[in-house]
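Below, read A as the first sequence line, B as the second, and so on, with proteins coming before strands; counting in each chain starts at 1.
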Amino acid sequence: MNIIVCVKQVPDTNDIKIDPVKGTLIREGVPSIINPEDNNAIEAALQIKGEGKVTVLSMGPPQAEEALREAIAMGVDEAILVSDFKFAGSDTWATANVLASAVKKLDYDLIICGRQAIDGDTAQVGPQLAENLGLPQITYVQKIEVGEGVLKVQRALEDGYEIIEGKLPVLITVVKEINNPRYPTLQGIDKAYETDIIKWTADDIEADPAKIGLKGSPTHVKKSFVPPGKGQGIKLDGPTKDIAKQLIGILKEKEIIQEF
Amino acid sequence: MLYHTIRNFVEKEIIPYAQDIDHEEIFPIEQIKKLAKMGVMGMSIPKKYGGAELDNVSQTIIMEEVSRACASTSVTMGAHTSLCCYPIVNHGTNAQKERWLPKLASGEWLGAFALTEPNAGSDAVNVQTTAVRDGDDYIINGNKVFITNGGKCDFVPIVCTTDPSAKHKGLAIFGIETKNTPGFKVGKKEDKLGLRGSNTCELVFEDMRVPKENLVSGKEGEGFKISMGVFNSGRIGIGVQGVGIAQAAFDECMKYVSEREQFGRPLKKFQAIQFQMAEMATKIEAARLLCLKAAHVKDQGKNYIKHAAMAKYYGSDVSMEVTRQAIQIHGGYGYMKDYPLERFYRDAKITEIYEGTTEIQKLVIGNELFGRGF
């Protein structure tokens with residue numbers, strides 16, 4: 001099966017610091033990583049590719065090349081970076097347009113995306129890409145079974161899962177519960193630096209200039225801020241019997257419990 | 001990418017298990033298997049035989065990170081990649097390389113290296129294990145002590161003497177496939193102060209018959225030269241093992257001095273603590289750079305013996321100093337087994353001893369400074 005995996009290079013938000021004055025993300029000095037659920041997507045593709053090939057595709061600045069090299073070190077066959085300053089300021093809709101234009105140049109049976117990116121947290125690009133390409137989509141996939149020309153998947157729900165069968169070609173987004181992504185091997189790391197990353201510009205993918213970048217973005221980020229902390233809460237001290245009495249009083253006051 | 005990959009790996013696959021590996025004396029076979037999957041067990045073996053053929057700087061980086069996570073795991077790995085592989089990669093005949101290296105590279109076999117005997121420690125030439133020619137074989141008798149991976153290895157080059165009167169010119173190394181060599185016995189397993197997950201055993205050879213094809217390099221009398229090569233090369237790894245242990249202890253201190261409050265403020269606000277942290281950080285960085293320099297000189301194909309000896313001597317010294325200070329900074333908590341500081345302190349000690357004591361390192365450096373026979 002030939003599979004396209006869409007990946008995004010993101011700042012490592014485990015290490016994230018917020019600027020106390022502006023309330024925004026401090027990006028300098030924060031290491032960049034492959035978005036975690038995109039790693040799950042790569043692993044899922046490598047597990048089911050069989051005789052076919054896995055291509056990773058990313059829209060990003062030139063430094064995103066490093067993320068693509070990591071994907072090659074994991075074992076993908078080909079990596080494409082779509083990069084152009086015309087893409088700057090793209091929201092999820094414009095990003096999906098760019099990726100769709102790129103995908104149209106490729107042969108595939110399946111597209112796998114991570115559910116969402118840890119910096120934007122929208123989970124919109126996968127579904128938007130599917131709509132753009134006119135493909136059926138299945139999101140929140142936590143288990144995959146390959147059949148004849150179909151994919152049978154478990155789709156995670158809040159309190160269980162549903163089993164869905166999709167005819168190929170289809171686009172799926174995967175959640176982190178689906179697998180444990182493999183580590184790049186030493187041989188893979190070697191190969192990663194010897195392989196050429198294919199680079200495409202806006203012209204190479206024949207992107208419609210009205211649908212990309214800031215101009216093509218129907219949404220704009222107005223403000224990012226750290227929500228006010230919930231506060232310390234009320235602390236009760238003293239012998240257990242007294243605290244228990246106090247607690248019941250407070251719960252009654254807040255109408256969380258009632259007398260019969 | 002290598003650094004970032006190996007750091008991720010140790011965070012998830014080694015650090016969470018390190019305390020149990022030490023406290024319960026668990027042999028870190030799971031960690032070794034995962035390292036093998038990444039290709040790390042073959043890092044010193046040429047690509048031609050299935051290895052990753054990493055440069056020495058990269059190998060040093062990997063050794064530091066694994067040591068930072070768990071010294072028991074790093075010595076198990078190091079005895080294989082550094083000690084066991086060296087003689088075969090650098091002195092093996094083509095036939096020997098083809099027979100032995102692929103399985104060592106994939107991690108299918110775990111390696112060890114056996115030189116030390118009850119009467120041959122720093123006086124390595126005083127090896128008393130004999131190898132006597134008998135037709136197309138050699139018959140080997142003797143015993144080895146303190147062998148890392150001894151009880152778990154599939155393959156071990158052993159240092160014997162074919163001619164005791166020739167002293168260091170009489171030494172030879174034989175490759176032993178432990179699973180199918182009658183006369184090869186594993187003796188006592190040692191109960192150690194530190195590196196308690198690492199398997200350290202006595203090996204006993206009773207009329208052990210070994211085909212002449214197993215004589216590494218094919219020539220008698222090469223044993224001393226090869227052994228010295230093994231140790232010159234391995235010492236960079238032990239130096240950086242010390243650095244890794246020191247770094248782990250230091251990282252614990254960074255957390256602790258930020259959280260622990262006495263006299264109304266976190267410890268890091270006190271100048272005494274700041275001075276100690278600055279000193280430790282500087283020494284660790286200097287020791288690390290010395291190890292990387294030795295590795296770099298080796299990568300350039302130049303004489304790295306002096307730098308390697310310096311790297312081990314200083315790396316182990318810093319390891320002792322930092323782990324001791326780290327317990328002190330943690331006060332009573334540092335003494336308790338709930339915290340990893342006591343493990344780092346116990347693990348650090350051996351770095352001053354094995355693969356050439358600090359005293360030997362100083363003699364080696366002296367030799368390099370003044371020339372032989374000074």
Side-chain angles (χ1 to χ4, degrees), chain A residues 7 9-17 29-40 42-43 46-47 56 58 60 62-76 79 81 118 176-197 232, chain B residues 1-16 30-63 65-66 69 73 77 80-82 85 101-102 104-108 251 254-255 258:
Chain A
V7 313
Q9 188 190 50
V10 297
D12 189 350
T13 54
N14 286 326
D15 266 356
I16 217 61
K17 295 187 187 73
V30 178
S32 294
I33 55 172
I34 295 181
N35 177 47
E37 280 179 335
D38 295 348
N39 260 325
N40 295 102
I42 295 172
E43 175 63 29
L46 290 172
Q47 282 182 16
V56 286
S58 186
Q63 74 196 59
E65 197 178 307
E66 194 59 29
L68 292 176
R69 290 204 188 276
E70 210 177 305
I72 296 180
M74 282 171 76
V76 310
L81 175 64
I118 55 176
K176 64 179 182 322
E177 288 74 19
I178 190 176
N179 58 39
N180 274 328
R182 64 194 63 181
Y183 294 98
T185 61
L186 296 184
Q187 282 90 340
I189 294 177
D190 243 359
K191 183 161 176 254
Y193 285 101
E194 286 164 15
T195 307
D196 284 323
I197 309 273
Q232 286 263 355
Chain B
M1 199 196 299
L2 175 72
Y3 179 66
H4 157 69
T5 301
I6 197 75
R7 276 190 84 99
N8 257 348
F9 178 86
V10 309
E11 286 296 325
K12 294 210 192 86
E13 308 292 346
I14 309 186
I15 291 180
E30 291 307 318
Q31 282 65 30
I32 295 295
K33 279 193 193 147
K34 290 184 177 158
L35 284 167
K37 234 170 149 196
M38 269 184 68
V40 172
M41 298 306 274
M43 68 180 181
S44 59
I45 295 177
K47 288 186 192 165
K48 181 169 168 196
Y49 301 103
E53 203 172 327
L54 280 193
D55 59 279
N56 288 283
V57 170
S58 298
Q59 292 187 48
T60 304
I61 290 173
I62 293 178
M63 183 64 176
E65 285 306 310
V66 177
T73 304
M77 176 188 89
H80 172 109
T81 58
S82 177
C85 291
L101 291 181
L104 290 168
S106 67
E108 188 187 327
D251 290 341
M254 284 292 283
K255 274 194 294 194
S258 303

Interchain contact, Lys37(B) with chain A, by part (heavy-atom threshold 4.5 Å): backbone
Any donor-acceptor pair under 3.5 Å from Glu70(A) side chain to Pro184(A) backbone: no
Side chain Asn40(A), main chain Pro181(A), donor-acceptor under 3.5 Å: no
Residue Arg69(A) versus chain B: region with a heavy atom under 4.5 Å: both
Leu54(B) portion near chain A, given a 4.5 angstrom heavy-atom threshold: side chain
Validation row: Ser32(A), Gln63(A) side chains within 4.5 angstrom (heavy atoms): yes
Any Met77(B) side-chain heavy atom under 4.5 Å of Ile62(B) side chain: yes
